[in-house]
Number of protein chains: 2
Amino acid sequence: MIKRALKNINLLHSFECAARHQSYSKAAAELCISQAAVSQQMRQLEENLTIQLFLRKGKSMLLTQQGKTLLSGTQQAFKVLEESINKITVEEIAGSLTISSTQAFTTLWLMPKLSKFSALYPDINIRVMSSPQFEDLKEQHIDLAIRFGPRVKENTDTSLNCEYFGEDPVYPVCSAALAKSINFKAPKDLLKTWLVSLDNPGCYDWPSWFEYTNTQGYQNHQQWTEVHSTDMALNAVLNGHGFTLAARYLIIEQLKSGQLVMPVNIPHPNVVKRYFVYDENSAKIARLNIFIQWLTQEMNSTN
Amino acid sequence: MIKRALKNINLLHSFECAARHQSYSKAAAELCISQAAVSQQMRQLEENLTIQLFLRKGKSMLLTQQGKTLLSGTQQAFKVLEESINKITVEEIAGSLTISSTQAFTTLWLMPKLSKFSALYPDINIRVMSSPQFEDLKEQHIDLAIRFGPRVKENTDTSLNCEYFGEDPVYPVCSAALAKSINFKAPKDLLKTWLVSLDNPGCYDWPSWFEYTNTQGYQNHQQWTEVHSTDMALNAVLNGHGFTLAARYLIIEQLKSGQLVMPVNIPHPNVVKRYFVYDENSAKIARLNIFIQWLTQEMNSTN
DNA sequence: TACCACTATAAGCTGTGCTTATAATATGAG
DNA sequence: CTCATATTATAAGCACAGCTTATAGTGGTA
């Protein structure tokens, strides 16, 4: 009896779920298997134990007294197991985290604010990697990737968490000095100066903005400057070199100080969505959650 | 991490065993699987948890600190599970038991002694069934079968326990009165009277005894009486009707009281081996163990 | 009665969990 | 040092456990 039941403890795991929900289909959803599988597992378990655990009442499966006893026991046992596994696999809060994101984000947002995080959590060391691509988290030993774009979710491996944490519009921006020397009132006025674009802009490209604003003749524009990342583009623009397209969160401070302006205040048709990508089963999950929480709050308070 | 580990708790069961033994091959023996399976399971578990649980030291697998922590946790959790399952599946000592055995045993041994058992354990009800065959325990709702013969083990389903509990010689016996009226000194003298045989004697038949004793002419013997069970045979014999072959444990009391005698004290070549047949996973195991223990002691004390 | 939201069951498929065979490893003895 | 031994590790193969889909069955409600 006991030997038979302990031969397949996984049935007990499914049992705990079905018993808690008093519903096979809810258990199925939680366990990510089909209702039929749950039903068959429960039948198997009842056969193994030669007792009845559930009583069907309409749409739900009420527990027999024996079922209730077993629920209590399984919950206690799995709690012990969970805590035990936690203890050996989950690292303490103190330790290191490796963060990967775009060069623009790391340079313009993260590095300037990192001292705030470190002041709050001096026991957490942050290592920052910038990359324009979606690298493999496991291969590169990355704990958290902060990614931007419209297809992050689709391009993220299903074994990883992909958490949306906000979005920003993209605007054409130039230096205040340039805006004083040239009268920029309409989208077509931008064609009077240099336009700084990224070599890989994705969907946040100038042609899309010009199309969206119904601007003619941009195809004949000659003054293009191509750079590798938004921080480089902004560096050029801050020094009076035309316009670039930038997500608002990246330039909040420069807009406030008046270094950068948006004379043509029409956003790009594509917004920049932001995502955290990490493994929820990471041993560093406790540390990760702290960083993610901090970053989310920081982003919200500066937006 | 945790989710991954809890997806296959059976690995943790094997772990507890391997960790306790600090040996994969010992764990394999206990779990009745191959050493290679254990090795692969432990590798899988270490991968799932992304930690090292064992350190190989020659012929044994020492535990890492993490392995020790997990051993402690798994032992605790499985203890809780075991107790929980026990509580819902194992019946109390009080209750009923259904015992099946031959008619001879039930009539001649068990029924006369049952009051002794009931005096000791008034909360246990015994239901007795007699049958000459090996019935299916589960089908007939038999909790314990007491069986005799040379091939009980081979004829018992492997899912059941088959416990040998002793053996007895078989002798030709007759009434004291008959022994006084006819001089029985040698095996051939038995041919002067009726011989009571069973319709299904198995290997405990008269021809085997006569061959064993080198007795000539038994094939021409005309005074045969055929009955269905040993208790019927003994009933006839007690009333002066010739000889029958009987296992000693069945006639102990009648030998002591002088009702039956063994004038030719040569045992049958085949002894009667006794077995308990039951399901060790039975919910009534607690009760069964009590009965089995009592019967074993009772049999030993009267033999 | 019909409808609905669930559970139960049957049949089929595939990948998990074993097996066997053999390689690799650690240890001790000579 | 070599060799033997008793273990664990690994690879390849197989079959059946554990799922799936499809559909039947059930209980409750209007």
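Quick note: numbers below take in every heavy atom, side chains included, and nothing from hydrogens, waters or symmetry partners. Just so we're on the same page: letters track the sequence lines, and every chain starts at 1. All values derive from a computational prediction rather than experimental measurement.
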How many Å lie between [atom1] on [X] and [atom2] on [N], as a whole number?
X       : N      : atom1 : atom2 : result
A:Gln35 : C:dT9  : CD    : P     : 11 Å
A:Met42 : D:dC19 : CE    : P     : 10 Å
A:His13 : D:dG18 : NE2   : P     : 15 Å
B:Ile33 : D:dA17 : CD1   : C1'   : 15 Å
B:Leu11 : C:dG17 : CG    : P     : 7 Å
B:Leu55 : C:dT25 : CG    : C1'   : 14 Å
A:Tyr24 : D:dG27 : OH    : C1'   : 15 Å
A:Lys26 : C:dT7  : NZ    : C1'   : 14 Å

Hey, does the side chain of [X] come within less than 4.0 Å of [N]'s phosphate (OP1/OP2), counting only N and O?
X       : N      : value
B:Arg43 : D:dT10 : yes
B:Ser23 : D:dT8  : yes
A:Lys57 : D:dG28 : yes
B:Ser60 : D:dT7  : no

Sugar-phosphate, base or nothing in reach of B:Ser39, heavy atoms under 4.0 Å: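 Base, at least one base atom sits under 4.0 Å.
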Sugar-phosphate, base or nothing in reach of A:Ser34, heavy atoms under 4.0 Å: base
Lys/Arg cation over aromatic A:Phe165: A:Arg274, 6.0 Å, 45° cone: yes
5'-most by nearest nucleotide on DNA chain D - A:Val38 or A:Arg56: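 Nearest-nucleotide comparison on DNA chain D picks A:Val38.
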Comparing A:Gly58 and B:Gln22 on DNA chain D - which has the more 5′ nearest nucleotide: B:Gln22
Please report the shortest heavy-atom distance between [X] and [Y], naming the atom on each side.
X        : Y        : answer
A:Arg147 : A:Ala145 : NE-CB, 3.6 Å
B:Ala19  : B:Leu63  : CB-CD2, 3.7 Å
B:Ile9   : A:Phe78  : CD1-CE2, 3.3 Å
A:Leu137 : A:Asp143 : CD2-O, 4.5 Å
A:Cys203 : A:Ser208 : O-OG, 4.1 Å

Inter-end axis angle, the helix from C:dT1-D:dA30 to C:dG30-D:dC1, with every axis fitted to five base pairs (rounded, 10 degrees): 30°
Sequence neighbours excluded - side chain to side chain donor-acceptor pair (under 3.5 Å) pairs with any residue from residues 65-80 of chain A: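 Counting only pairs at least two positions apart or across chains, the side chain to side chain donor-acceptor pair (under 3.5 Å) contacts touching residues 65-80 of chain A are A:Glu16-A:Gln75, A:Lys79-A:Glu83.
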By nearest atom, which of the nucleotides [options] is closest to the [X] side chain?
X       : options                : value
A:Met61 : C:dC6, C:dA8, C:dT20   : C:dA8
A:Ser25 : C:dT7, D:dC19, D:dT7   : C:dT7
A:Asn8  : D:dG18, C:dT27, D:dA11 : D:dG18

Identified side-chain contact (heavy atoms from CB on, under 4.5 Å) counterpart of A:Val277 within the set A:Leu144, A:Ile146, A:Val152, A:Ile142: A:Val152
Set out, line by line, the N/O atom pairs under 3.5 Å between protein and nucleotides 11-15 of chain C.
none

Donor-acceptor pair between B:Gln140 and B:Asp136 side chains, under 3.5 angstrom: no
Approximate separation, where rounding is to 0.5 Å, of A:Ile124 CD1 and A:Arg287 CZ: 6.5 Å
